[in-house]
Structure formats: structure tokens, C-alpha cells
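Since the model is a prediction, treat every value here as computed from it, not as a measurement. Reminder, nothing fancy here: chain letters follow the sequence lines and each chain counts from 1.
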Protein chains: 2
Amino acid sequence: MATIQDVAKAAGVSVATVSRVLNNSGLVQEETRETVMEAIRALNYQPNLLGRNLRRMETRMILVLLPNISNPFYSRIVKGIEDVAHKNGYNIMLCNTDSDKMRERIYLELLKKRLSDGIILMASELSREELLELGKNYPVVQCCEYREDVEITHVSIDNYSAAKKAVNHLIGQGHKRIAMISCKNNFLSTVQREAGYKKVLEESGIEFDPDLLAYGDYGYKSGLRTAKQFLSMQDKPTAIFAISDMMAIGAIKAVRQAGLKIPEDIAVVGFDNINFASMCEPELTTVSQPKYDIGCYTMEFLIRQIKGESKSSQAIFLEHELIIRASTVK
Amino acid sequence: MATIQDVAKAAGVSVATVSRVLNNSGLVQEETRETVMEAIRALNYQPNLLGRNLRRMETRMILVLLPNISNPFYSRIVKGIEDVAHKNGYNIMLCNTDSDKMRERIYLELLKKRLSDGIILMASELSREELLELGKNYPVVQCCEYREDVEITHVSIDNYSAAKKAVNHLIGQGHKRIAMISCKNNFLSTVQREAGYKKVLEESGIEFDPDLLAYGDYGYKSGLRTAKQFLSMQDKPTAIFAISDMMAIGAIKAVRQAGLKIPEDIAVVGFDNINFASMCEPELTTVSQPKYDIGCYTMEFLIRQIKGESKSSQAIFLEHELIIRASTVK
DNA sequence: TTGTATGCGTTATCAC
DNA sequence: GTGATAACGCATACAA
């Protein structure tokens with residue numbers, strides 16, 4: 001494997017000159033430049049980034065931690081992150097955390113040991129203390145899920161008003177018994193979505209019924225399970241609001257298995273607008289997040305941090321939209 | 001940021017000793033060891049992998065190229081790859097190629113420039129020449145999709161017999177007009193699945209009808225489109241065999257939109273057994289690949305190559321299974 | 001059991 | 001415009 005030394009020798013110049021050619025830094029005569037390029041080709045030389053990275057003390061790699069790559073919600077976001085990264089000469093390392101704090105920590109090691117220049121956290125399980133410590137020492141941006149009690153830039157939507165919009169839509173369709181499938185976690189998005197749900201009920205003069213609030217884990221099966229629970233009640237709900245499309249799709253399955261019709265007997269609203277939301281039967285009414293843009297902004301803020309351009313943390317909220325489909329209106 | 005030098009100074013030992021403690025290589029007295037550990041903690045020292053990597057000339061990183069992380073088929077495979085990698089002290093870098101040769105090449109650069117110790121290709125678009133060149137110089141394993149005209153280890157299933165099994169199942173259900181949704185690419189899996197389909201028809205004395213062979217791109221929409229095409233024919237097929245679950249799910253949608261019943265009017269078979277196959281309505285009959293195991297084997301063979309243990313390339317075929325669900329039998 | 005010294009491949013500072 | 005050379009942080013051969 002040829003090194004820069006070999007190229008220098010072959011071209012009859014110093015390594016400094018070769019380096020200058022490689023990085024088009026500094027001046028170098030056109031003629032010598034070509035001699036060097038010639039040598040590079042002849043030796044099939046590839047600069048060794050291990051050397052460069054050590055010298056420059058940077059890797060131009062970005063860690064992206066997400067719970068699970070198979071969650072379709074994340075794929076568009078990742079695309080946005082990736083596009084902006086590449087445009088700026090960075091590469092990303094996608095890391096599955098499985099929502100496991102230990103796994104997350106393994107990846108943080110890579111950052112702390114300088115194998116990456118910055119990190120994006122998508123739904124971190126880290127404690128406030130760990131996050132604070134991290135944010136103090138390294139470039140970090142929180143994407144979608146975030147803690148607001150740490151000074152770390154985050155990019156997301158306003159989950160409170162998104163939930164309000166979804167539930168208000170159901171109210172507008174005449175529903176009075178509206179169930180919610182939430183998740184038992186401490187994510188702010190969850191808290192806010194529940195708060196939005198309760199707020200609309202209150203505004204509509206409907207008393208909140210704890211029996212109509214169940215908990216899943218964002219996944220299909222948990223939606224199926226909790227919806228079955230609702231359907232077994234004496235006083236069934238006439239609408240279900242789930243905080244993820246996957247759970248909503250599970251709920252749809254449960255309703256259909258029970259021989260009920262959507263939306264006539266029971267209406268269903270999801271959250272995220274994943275691709276499958278428009279593939280299922282009936283198509284799912286859901287809250288659409290600007291996933292690609294969320295990814296773009298996230299990466300842009302991270303790069304700004306890496307460059308040392310931004311000092312204070314920022315809170316970015318992008319627009320969302322309620323997509324009305326056949327699962328709520330005939 | 002503390003370096004090994006700082007630790008050595010603080011502990012009153014040489015850097016060599018600190019290094020020995022860090023890697024538990026060589027002998028070091030328990031007492032000094034503890035002094036060093038003390039200093040490490042006090043300075044909150046993190047070894048800089050950039051230095052180590054350069055010195056060792058390895059990164060313990062593995063590139064994993066796949067067309068698209070949002071394809072649910074790959075997520076289980078990646079899990080297998082990841083688990084084996086971690087068990088062996090490697091980390092993986094997931095890379096979206098978007099089935100774009102140029103993007104693929106960008107990632108190959110990372111390998112050639114030594115930022116990764118090896119690479120796994122999931123559905124590479126590279127030419128035979130490029131692949132040959134790559135395999136000659138770096139540790140490479142092909143996963144699922146592969147070219148057999150290059151000497152590079154690959155792990156997959158026997159797509160020919162899998163397709164035969166699927167179509168035979170339809171024949172067994174009494175179908176005679178069986179359409180196929182394939183893809184226009186040069187993947188061996190595609191060729192073999194088409195060959196299996198035609199072989200079964202031949203064995204069953206059914207003449208192959210070119211009108212019943214349409215092409216998609218593995219995605220939902222293309223399944224919807226091609227199925228609609230079939231449904232508009234005078235002499236409609238009574239069954240559809242798609243080479244991906246996503247296309248099969250699209251086909252199901254088309255059939256239902258046309259007001260026809262599954263499986264009574266038209267039966268549908270998919271391929272891959274992704275999670276959604278059991279979530280859609282009706283649940284999808286499909287060919288199940290041992291995704292997790294495919295990932296494990298792939299990574300194991302790659303590690304063997306990196307260690308220099310294996311010389312010749314190998315062809316690994318794992319067992320598949322036909323999962324029969326409501327989309328083909330009542 | 002520990003320390004000294006060298007080099008991994010590169011970039012960047014300085015002198016010419 | 002170009003060349004010598006000193007780092008970057010670490011692991012290791014060799015000496016002690």
C-alpha cells in the first residue's frame with residue numbers, strides 16, 4: 001500500500017508538495033502538480049485517512065443514534081441528515097440503540113474517543129446528568145425527542161398543538177368518547193401529546209376518562225392489544241387517537257377483527273405519517289411531521305456547533321400538518 | 001483533553017506503562033496499575049482512537065452498504081450483523097446507497113482510505129470489474145444479493161427453489177393463471193425467482209404467458225400499478241406472485257380497490273416475510289428468509305477474512321420457508 | 001517489571 | 001514554489 005512518501009519519491013518532490021496537491025492547499029506549479037498526479041495514478045495511491053485524521057484531530061464522521069432503523073418514521077429524517085452531511089463533507093454512522101441505555105453508551109464512547117466529530121440523538125434514554133455532561137464537551141443536537149431541561153439544541157415539532165389538532169378533528173366529526181393510545185415513557189412529546197388530548201376534551205366539555213387512556217410501545221402489536229382492550233369495554237369509545245402510526249395500524253386491525261367498521265363504528269387517528277399510513281386499509285388519518293426538513297435542520301445546527309459558530313443552544317420547531325384520510329371520514 | 005502523556009506524568013510512570021494498563025498487554029505490577037487507573041480517573045482520560053488506529057493500522061469499523069434503511073427486509077439482517085460485530089469488538093457503519101452507483105463509490109472510498117477494516121454489500125450495483133478489484137484488495141462479503149462471477153464470499157438463500165415452492169403452493173390451490181411481479185434488474189435472485197416460476201409452470205403443463213409477467217421496483221407503488229394492469233386484462237390471473245412483500249401488499253391494495261376478494265378471486269404471494277406481511281389485511285403468504293442468521297453468517301465470514309483466516313471465497317445458502325397465510329388460503 | 005525511543009501517515013509551520 | 005521537519009496520540013521493540 002503506497003504512502004505519501006512513495007508518491008513523493010516517485011514524483012521526485014517532497015511529501016509537503018504531494019500533500020499540497022492532495023488538498024489543493026498552498027501554491028504549486030502546474031507542472032509539478034501534474035508530475036505528482038502522475039505518480040499518484042501510477043502507484044494507485046489512496047491517502048490514508050488514519051494519518052490525516054490524527055493530524056487534523058477530526059474525522060468528519062457524525063454519529064446518528066436512533067432506537068431502531070426498522071422504524072419507518074426515521075428513514076426520511078435520516079435522509080435529510082445524510083444529504084446535508086454529504087454536502088458539507090461529512091459522513092454519518094447510523095447506530096441502532098434498541099432504546100437500550102447501555103448500547104447508547106457504547107456509541108457515546110466512539111464520540112468521546114474522537115472517532116466522530118459530533119452526535120445526533122433521536123430518542124435518547126440518557127439521564128439529564130449524562131446529557132448535560134455530553135453537551136458541555138461535544139457537539140450534540142437532539143432530533144425529534146428531546147429534554148428541555150438541558151442546554152442542548154433540539155429540532156422537533158410542537159407536539160402539544162399537533163395532538164390538539166388531531167383530537168379536535170375527531171370532535172369535529174361528532175365524537176365524544178375518544179380513546180388515546182399513548183406510551184409510558186418520559187419523552188416530552190408523549191407528555192405534550194397527552195396534554196393536548198386532555199386540553200381539547202376539557203375545551204369541549206368532555207370529562208377525561210382514565211379508562212380511555214392506554215399505553216403501548218409505539219409498535220403494531222401494542223396498538224392491537226390496547227385497542228382490543230377498548231373494544232371489550234361496555235361503553236366503547238367511538239374514536240381512537242394513537243401517538244404512532246404503527247399503533248394506529250394495530251388498532252385498525254383490532255377494530256376490523258372485531259367486525260366493526262372504520263370510520264363508521266370507530267374512527268382512528270395516528271401520528272407520524274409513515275409510508276404505510278397510506279397503504280393500509282382504510283388509509284390512515286395522521287399527523288405529518290416534516291421529517292426530511294427535521295433531518296436537514298438537525299444536521300445544519302450540528303455542523304454549526306462543530307465549526308464553533310454557535311454558542312447557545314436553540315429550540316427549533318417546524319410546522320406539522322393533519323392529513324385527513326379514510327380512517328376518520330367517509 | 002488529556003493524553004496518554006498527561007496520565008503518565010500524573011501517575012509518575014512512562015507512557016508505555018499506561019499503554020500496557022490500557023490494553024492489559026505485558027506485565028504490570030498491581031500497585032502501579034492502580035496508580036495509573038487512579039490518574040486515568042482523575043484526569044477523566046479517554047484514549048484517542050485516532051492515535052491507536054493509526055498505530056495499529058486498523059479501525060475495527062465495518063461498512064455495511066444497503067440500498068435503503070427504510071426497507072424493512074434489511075433491518076433484521078442488520079441486527080444479526082451488528083450482534084456478531086459487537087461480540088467481536090467491531091462497530092458497523094450503516095450506509096444508504098439509494099441503489100446509486102456513485103453513492104456506493106463514495107463509501108468504498110472510506111474502505112480504500114482505511115477508515116474501515118472491511119465491507120458488506122447488500123445489493124451492490126457495482127460492475128463485475130469493480131467488484132473483482134475490490135475483493136482482491138479488501139475483506140468483502142456479499143449479503144443476499146450477489147454476483148457469482150466474482151470470487152467473493154456470499155450468504156443468501158436458494159432463490160430458485162424458494163420461488164418454485166411459492167408457485168407450487170398456488171398450483172396446489174388450483175390456480176392456473178398465475179401472474180408474476182418481478183423486477184427489471186440483473187440481480188441473480190431475480191433471475192432465479194423468474195426461472196423457478198417458469199419451471200413450475202412448465203412442470204405443471206401450463207404455458208408461460210408473457211402478459212402475466214410484469215416488472216416493479218420492489219416498492220409498494222409498483223406493486224399497486226402492475227397489479228392494476230393485470231386486473232384490467234380480459235383474461236385476469238387468479239393469483240399473483242410478487243418477489244417482494246412490499247409489491248405484494250401493493251397488489252393486495254389494487255385487488256381490494258377493484259372490489260375483488262382475496263384469496264377467493266385472486267390469491268397473492270409475497271417474498272421476504274417482513275413484519276408488515278402479518279399486519280396487512282388479509283395477512284400475506286410469503287417466503288421467509290432467515291434474515292437474522294444471514295446477517296450473523298455474513299459478519300462471521302467477514303471477520304474471518306479480516307483475520308486472514310480464510311483464503312478462498314465461499315457460497316453459503318441458508319434454509320428458507322414458505323409461510324402460508326390468509327392471502328392464499330381461506 | 002518498567003522506561004526509552006521509534007514510527008504509523010499525514011498536515012502544517014517555517015525557512016529557503 | 002518548494003523542501004525539511006516537527007508534531008498529532010498511541011503501541012511496541014528493545015533496553016535496562
Checklist entry - Taking CG from Asn23(A) and P from dA12(C), how many angstroms apart are they, rounded to a whole number? => result 7 Å
Next on the checklist: The side chain of Gln29(B) is closest to which nucleotide in this list: dG9(C), dT2(C), dT11(C)?
Outcome noted: dT2(C)
Checklist entry - To the nearest Å, how far apart are Leu22(B) CG and dT2(C) C1'? => result 15 Å
Item to check | Ring centers of Tyr297(B), His154(B) separated by less than 6.0 Å | outcome: no
Next on the checklist: Counting the atoms with a prime plus P, OP1 and OP2 as sugar-phosphate, which does Arg114(A) contact under 4.0 Å by heavy atoms, base, sugar-phosphate, or nothing?
Outcome noted: nothing
Item to check | Contact nearer the 5' end of DNA chain D, comparing Ala16(A) with Leu27(A) | outcome: Leu27(A)
Next on the checklist: For a quick check, tell me whether the side chain of Arg33(A) and the base of dG1(D) share a donor-acceptor pair closer than 3.5 Å.
Outcome noted: no
Item to check | Polar pair under 3.5 Å, donor/acceptor by atom type, side chain Arg55(A), base dT10(C) | outcome: no
Item to check | Selection from dG3(D), dT4(C), dG9(C) that lies nearest to any side-chain heavy atom of Leu54(B) | outcome: dG9(C)
Checklist outcome for this item: Taking for Arg52(A) and for Glu30(B) the nucleotide of DNA chain C with the nearest heavy atom, the one nearer the 5' end belongs to Glu30(B)
Item to check | Integer-rounded Å distance: dA11(D) P and Glu58(B) CD | outcome: 11 Å
Next on the checklist: Side chain of Gln5(A) only, heavy atoms from C-beta on: which candidate in dC10(D), dT10(C), dA12(C) is closest?
Outcome noted: dT10(C)
Checklist entry - What is the distance from CG of Asn48(A) to C1' of dC8(C), rounded to the nearest Å? => result 8 Å
Checklist entry - Looking only at atom types and distance, does a side-chain atom of Ser156(B) sit under 3.5 Å from a main-chain N or O of Glu145(B), one as donor and one as acceptor? => result no
Item to check | Length of the line joining Asn24(B):CG and dA11(D):C1', which is rounded to integer Å | outcome: 14 Å
Checklist outcome for this item: Rounding to 0.5 Å, atoms OH (Tyr107(B)) and CG (Asn91(A)) come to a distance of 6.0 Å
Item to check | Atom-pair distance (CG on Leu50(B); P on dA7(D)), nearest Å | outcome: 19 Å
Item to check | Out of dG9(C), dT2(C), dT2(D), whichever nucleotide has its closest atom nearest the side chain of Thr17(A) | outcome: dT2(D)
Checklist entry - Side chain of Ser14(B): nearest nucleotide among dT4(C), dT10(C), dG9(C)? => result dT4(C)
Checklist entry - Which part of the nucleic acid, if any, lies within reach of Val15(A) when heavy atoms closer than 4.0 Å are counted: base, sugar-phosphate only, or nothing? => result base
Checklist outcome for this item: Comparing nearest nucleotides in DNA chain C, the 5'-proximal residue of the pair Ser25(A), Gly26(B) is Gly26(B)
Checklist outcome for this item: Between CG of Leu49(A) and C1' of dC8(C) the distance, given in whole Å, is 14 Å
Item to check | Contacts of type side chain to side chain donor-acceptor pair (under 3.5 Å), residue Tyr45(B), not counting sequence neighbours | outcome: none
Checklist outcome for this item: In whole angstroms, the gap separating P of dG9(D) from CG of Leu43(B) amounts to 14 Å
Item to check | Phosphate-side-chain proximity, Thr32(A) and dT2(D), N/O vs OP1/OP2 below 4.0 Å | outcome: yes
Next on the checklist: Applying the side-chain contact (heavy atoms from CB on, under 4.5 Å) criterion to Tyr74(B), which one of Asn68(B), Leu66(B), Leu94(B) satisfies it?
Outcome noted: Leu66(B)
Checklist entry - Should the pair Lys87(B)-Asp83(B) be classified as a salt bridge under the 4.0 Å nitrogen-to-oxygen rule? => result no
